2 protein chains.
Amino acid sequence: MKIDKKDIQRAEIFKVLSDPNRLQMIRILYQAHRELTCGEVGEKLDLSKSTVSYHFKKLRKVGLTNTRKEAQIKYLSLNMDTFEKYLPGFLAVL
Amino acid sequence: MKIDKKDIQRAEIFKVLSDPNRLQMIRILYQAHRELTCGEVGEKLDLSKSTVSYHFKKLRKVGLTNTRKEAQIKYLSLNMDTFEKYLPGFLAVL
DNA sequence: ATTATAGTTCGATAGTTATCGAACTAAGAA
DNA sequence: TTCTTAGTTCGATAACTATCGAACTATAAT
């Protein structure tokens, strides 16, 4: 049996979720009930800003987050559609 | 903020799910509606038996599967409790 | 006792990941 | 123009991953 293309995409999402820091970022965004800047999230996690940027890029790349840029500030939020499609019910138990 | 212990466990599960072959194994087990042997699953995936054994060990280790051994044959099945706890609704959209 | 079947473990390898600080870019403030 | 703020990109590094074949263990069959 050949590997399903859909499974590759799914696996990509799981790979992004397979890091404790990224999971925490997601929880922070989920509980904030508003957009947050990279800096705000990074501050809470005790990671260098380059590392935070690295993680945010990964989240963005698989469509788990949305980005809105205003001047030099970047606002992050969860992309609910992706969670609903691939992981319905997940955020509720996070 | 320190990393949550629960997130580490969660991340472990996602790491195991972040491989297309393992996702396919899960789907095969889910759709079979019965226990399957390592050989049966391995056959469908065109992987060496050592590789299949490696993957099954990982699935077992994080509690995603159950194992029942009868003579030299090992029967695999999904551990629904784990899916329900960490990924409710996931199997339904798989 | 030999052979066959089902699965595990080992060693090697090639590829990927998370992390940091340093250097960079972009935009606004003084 | 110079300075500050927010974030990105670039090495470098240490750790981990998936894969295979070969050698192994355990059980059953001849």
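Model, not experiment: these values are computed from the prediction.
The structure places CE of B:M25 at 7.5 Å from CD1 of B:I28, a figure rounded to the nearest 0.5 Å. A distance of 5.0 Å separates CG in B:D7 from CD in A:Q24, rounded to the nearest 0.5 Å.
Straight-line distance from the CD atom of B:E70 to the P atom of C:dA6: 13 Å, rounded to whole Å. Between the CG atom of A:L59 and the C1' atom of D:dT8 there is a distance of 16 Å, rounded to whole Å. Regarding A:K74, its NZ atom lies at a distance of 10 Å from the C1' atom of D:dA6, rounded to whole Å. Residue A:L45 contributes atom CG, which lies 14 Å from atom P of D:dG7 at whole-angstrom precision. Distance CD (A:Q72) to C1' (C:dA27): 5 Å, rounded to an integer number of Å. Rounded to whole angstrom, the span from the OH atom of A:Y75 across to the C1' atom of D:dG7 amounts to 13 Å. We find that CG of A:L76 is positioned 14 Å from P of D:dA6, with the value rounded to whole Å.
Helix bend of the helix from C:dA1-D:dT30 to C:dA30-D:dT1: the angle between its two end axes, each built from five pairs, comes to 10° after rounding to 10°.
Note on B:K58 versus B:D19: no salt bridge recorded, every NZ/NE/NH1/NH2 to OD/OE distance being 4.0 Å or above.
Closest approach to the B:K49 side chain among D:dA6, C:dG7, D:dA28 is made by C:dG7 (side chain taken as heavy atoms from C-beta onward). Which of D:dA6, C:dG28, C:dT8 sits closest to the side chain of A:I73 comes down to D:dA6.
Taking the six-membered ring where the residue is Trp, the centroids of B:F90 and A:F14 are separated by under 6.0 Å.
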Protein-nucleotides 14-20 of chain D N/O pairs closer than 3.5 Å?
unit_1	atom_1	unit_2	atom_2	d
D:dA18	OP1	B:R22	NH1	3.2
D:dA18	OP1	B:R22	NH2	2.5
D:dA18	OP2	B:Y54	OH	2.4
D:dA18	OP2	B:K58	NZ	3.4
D:dT19	OP1	B:N21	ND2	2.9
D:dT19	OP2	B:H55	NE2	2.3
D:dC20	OP2	B:S48	N	3.3
D:dC20	OP2	B:S48	OG	3.4
D:dC20	OP2	B:T51	OG1	2.7

* List the steps, then state whether side-chain contact (heavy atoms from CB on, under 4.5 Å) holds for B:T82 with B:I13. => CA-CA 9 Å; B:T82 306; B:I13 289 177; 4.1 Å; yes
* I would like to know whether B:L45 and B:H55 meet side-chain contact (heavy atoms from CB on, under 4.5 Å); could you show each step before the answer? => CA-CA 12 Å; B:L45 286 162; B:H55 286 310; over 6 Å; no
* Stepwise side-chain contact (heavy atoms from CB on, under 4.5 Å) check, B:V52 with B:N21 -> CA-CA 9 Å; B:V52 173; B:N21 283 319; over 6 Å; no
* Asked: Passes side-chain contact (heavy atoms from CB on, under 4.5 Å), A:L17 versus A:L64? Steps please.
  -> CA-CA 9 Å; A:L17 291 170; A:L64 288 172; 3.9 Å; yes
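With a 6.0 Å radius and a threshold of 12 heavy atoms from other residues, nucleotides or ligands, A:E43 has its CD atom at or below the threshold. Under a cut-off of 6.0 angstrom, the local environment of CG in A:D4 is crowded, with over 12 non-hydrogen atoms contributed by other residues, nucleotides or ligands.
A:L78 and A:V93 fall into different hydrophobic clusters, defined by Ile, Leu, Val, Met, Phe, Trp and Tyr side-chain heavy atoms under 4.5 Å apart, directly or through other members.
Contact between the side-chain N/O atoms of B:K57 and the OP1/OP2 oxygens of C:dT9 is found at a separation under 4.0 Å.
Within residues 24-42 of chain B, no residue has any heavy atom closer than 4.0 Å to DNA chain D.
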